[in-house]
Amino acid sequence: MKHIATLTLFFFSVLTLVAQEDSLIPTKARQDYLVTDFGAKGDGVTLNSRAIQAAIDTVHARGGGRVIVPAGQFVTGTLYLKTGVDLHLDSGAVLLGSLNPFDYVKDPVVRWTSLLFAVDQKNIAVTGKGTLDGRGWEVANRMVQYIHLGLVKDPLKYDRPGGENRPELIHMLRCENVTISGVTLRDPASWCQQYDQCRTLVLMHVTVDAKCYWNNDGLDVVDCKDVLIRHCHIDAADDAYCFKSHSRNGLSENVTVEHCFGRSSANGIKFGTVTRGKFRNFRFHDITIRDTYRSAITIASVDGSQIEDISFDNIHAYHTGNPIFLRLSHRNAQADQRPYLRHVVISNSTFEVPYDKPDAGYSYEGPVEDQPRNISPASIVGCPDQHISGVLLDNVEFTFPGRSDTAYAYFPTTPAAIAALPEREKQYPEFSMWKELPAWGLFVRHADSIILQNVRFTVKEPDYRPALVTDDVNLFGLKQVDIQIPDSKKPLGLVAQNTILRTKQIPWRIRKQKGPTAIAPDPESVDYCPDIPDTLTRHLASRFGIKNDGRTDNTTSIQRALDYIAAQGGGVLVFNVGRYRSAPLQLRARVHIELKEGAILVPITHEGEFLHPDPAGDIILCGQGFIED
């Protein structure tokens with residue numbers, strides 16, 4: 001299984017971009033306008049903010065077109081991109097950020113500073129083979145001088161200006177139909193590029209070199225919908241590909257990242273850290289991560305967010321400090337929020353962790369004091385009252401260095417020691433937040449339905465810890481899991497505590513329990529999956545008009561299907577991949593339900609039981625799909 005749910009793609013609206021990168025720009029009255037015709041000079045000295053802005057304003061007023069920046073070094077402060085304008089940088093063209101911090105506007109709505117802004121605009125683009133160079137190290141250090149002189153108010157936290165007082169390269173807010181294509185983004189003073197609450201955003205063939213100062217994120221996508229990121233190369237001092245939510249009402253969905261490269265002195269791909277809203281339908285595939293200090297993949301839901309339906313396929317991470325870090329906690333969650341992290345698939349991927357520091361020698365490399373004393377494993381960690389649910393690792397290979405030193409730091413695998421591991425629910429989420437963990441390969445705690453299928457763990461040199469450790473896990477499934485351990489006196493593979501373990505297929509049966517759903521793993525059938533007789537007639541849910549789009553209320557259609565099959569003397573209702581929303585249902589005797597891989601039943605309400613068993617019994621619910629809790 002490569003996907004737990006059908007990911008809603010928006011390619012129908014952007015497929016033409018593959019062949020024509022700026023097709024979002026209106027063709028009516030389209031013309032090219034040279035910035036030099038408006039008085040701009042590419043001499044690397046003249047401040048060109050007014051001239052370039054005049055070109056943008058003129059093209060916008062005339063209905064759209066391209067503002068051409070020819071070869072040369074055009075110094076500029078803040079610019080505002082406007083509807084219908086493609087800011088096109090020819091090969092050899094450089095928009096060179098001014099070294100004077102006062103040449104940058106702190107936008108009153110955005111409350112950040114940036115070289116290029118766009119607020120509430122449509123059909124805009126930045127294209128070409130040229131470069132936006134923020135000269136961020138020089139600008140940030142000049143800002144430090146102005147703060148010391150009292151010209152700018154800033155607390156200088158961690159001895160550096162706040163991110164909002166250091167100009168980004170690109171900041172776009174509430175924009176629609178945005179294309180960034182072909183350009184190079186270099187040396188921002190803060191985050192490199194931030195897209196906030198945008199709709200239909202395309203980044204293609206963008207090169208980012210952002211490691212000249214602190215907090216140089218390569219890409220931040222905040223509460224955006226319908227996003228395509230393709231063939232991008234990011235080398236950043238902070239997180240490379242970062243997805244955030246700044247609002248409880250925020251929604252990030254339908255995001256595809258493919259054929260990309262990332263290197264970071266923080267995380268390769270990260271959800272967070274600010275995660276207040278919803279994230280759903282993210283698809284990452286064919287991505288290489290190298291020389292990355294923290295985790296290749298981090299999903300941290302710690303501010304009340306709801307994150308679901310995230311898939312990673314063909315991810316290859318080499319020389320990275322940690323493979324995977326999934327974290328659900330409530331650092332800033334409010335009492336009325338129902339946060340969750342669920343339905344994550346990682347497939348056909350490899351992760352290799354070195355013994356040395358992965359980003360050693362890079363400017364602004366990750367802090368040594370944050371490193372664990374012994375190499376940390378991949379980890380999936382929720383909280384006692386907030387379990388991560390529905391994670392599948394399918395055809396994944398992990399390689400670790402081993403060499404943990406008991407004399408340096410020791411974590412016993414006794415029940416008391418594992419139970420004593422602090423929750424740290426309010427702490428900033430990083431894979432190293434516990435310093436020591438009891439496993440070298442994978443640590444899982446406070447989680448439900450974690451499935452490992454065709455997964456290999458290899459440790460190059462002996463490690464005193466076991467490969468896998470679980471604690472408080474409701475269904476930990478293992479199928480074709482291979483653990484490669486060098487010669488050792490204690491070659492421990494798995495230590496499972498408070499865990500329902502499955503070592504073959506994954507059985508599900510109906511049983512009464514407290515809580516919002518009547519579905520749970522059957523603890524009495526550890527190595528047995530009930531087979532539905534082949535003689536029974538199977539009925540596809542789609543034939544009854546049942547929709548798998550995650551939006552339609554299927555209550556009436558599903559109930560009609562169950563009643564129909566019961567009237568026929570019994571059979572099987574089969575749900576293929578997709579999300580099926582429904583209110584509570586009344587099950588019928590001799591009517592079995594099969595959830596195929598990737599099928600998800602989504603309760604519309606979480607009050608009471610979702611599925612009501614027939615008193616006559618004889619019902620089997622099986623498969624490898626999920627029922628949301």
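Judged purely by distance below 3.5 Å, without hydrogens or angles, the side chains of Asp223 and Gln197 never pair a donor atom with an acceptor atom. Under the 3.5 Å distance criterion, with hydrogens and angles disregarded, no donor-acceptor pair is assigned to the side chains of Gln586 and His612. If you check the side chains of Asp239 and Asn267, you find a donor sitting under 3.5 Å from an acceptor. Using modelled atom types and a 3.5 Å distance limit, the side chains of Asp472 and Asn498 yield no donor-acceptor pair. Looking only at atom types and distance, the side chain of Ser582 has no donor-acceptor partner in the side chain of Asn554 under 3.5 Å away. Judged by distance alone, the side chains of Thr350 and His316 do bring a donor and an acceptor atom under 3.5 Å apart. A donor-acceptor contact under 3.5 angstrom links the side chains of Thr470 and Thr499, judged on distance only. Defined by atom type and a distance below 3.5 Å, a donor-acceptor pair is present between the side-chain atoms of Ser295 and Asn322.
Note: Arg581 CZ to Leu601 CG = 12.5 Å, rounded to the nearest 0.5 Å. Note that CZ of Arg331 is 10.5 Å distant from CD of Gln427, once rounded to the nearest 0.5 Å.
Taking a cutoff of 4.0 Å between a charged side-chain nitrogen and a carboxylate oxygen, Asp309 and Arg280 do not qualify as a salt bridge. Ion pair Asp235/Arg263 flagged as a salt bridge, since at least one NZ, NE, NH1 or NH2 atom sits closer than 4.0 Å to an Asp/Glu carboxylate oxygen. Note on Arg294 versus Glu430: salt bridge recorded, some NZ/NE/NH1/NH2 to OD/OE distance being below 4.0 Å.
Note: His246 and Trp191 have tilted aromatic rings, judged against thresholds of 30 and 60 degrees for the angle between ring planes. Ring geometry, His387 versus His446: the interplanar angle falls from 30° to 60°, so the pair is classed tilted. Under the 30°/60° scheme for interplanar angles, the aromatic rings of Phe325 and Trp434 are found to stand perpendicular. Relative orientation of the Phe457 and Trp440 rings is perpendicular, given thresholds of 30° and 60° on the angle between their planes. Using cut-offs of 30° and 60° for the angle between ring planes, the Phe279 and Phe282 rings count as tilted.
Within 6.0 Å of atom NZ in Lys426, more than 12 heavy atoms from other residues, nucleotides or ligands are found, so the atom counts as buried in its surroundings.
Taking all atoms of both residues into account, the shortest heavy-atom contact from Leu421 to Glu436 is CD1-O, 4.0 Å.
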- [ ] Could you give me the CA-CA distance, side-chain angles and deciding distance for Arg199 and Glu176, then say whether salt bridge (charged side-chain N to carboxylate O under 4.0 Å, His left out) is met?
- [x] CA-CA 5 Å; Arg199 175 70 181 267; Glu176 185 175 343; over 6 Å; no
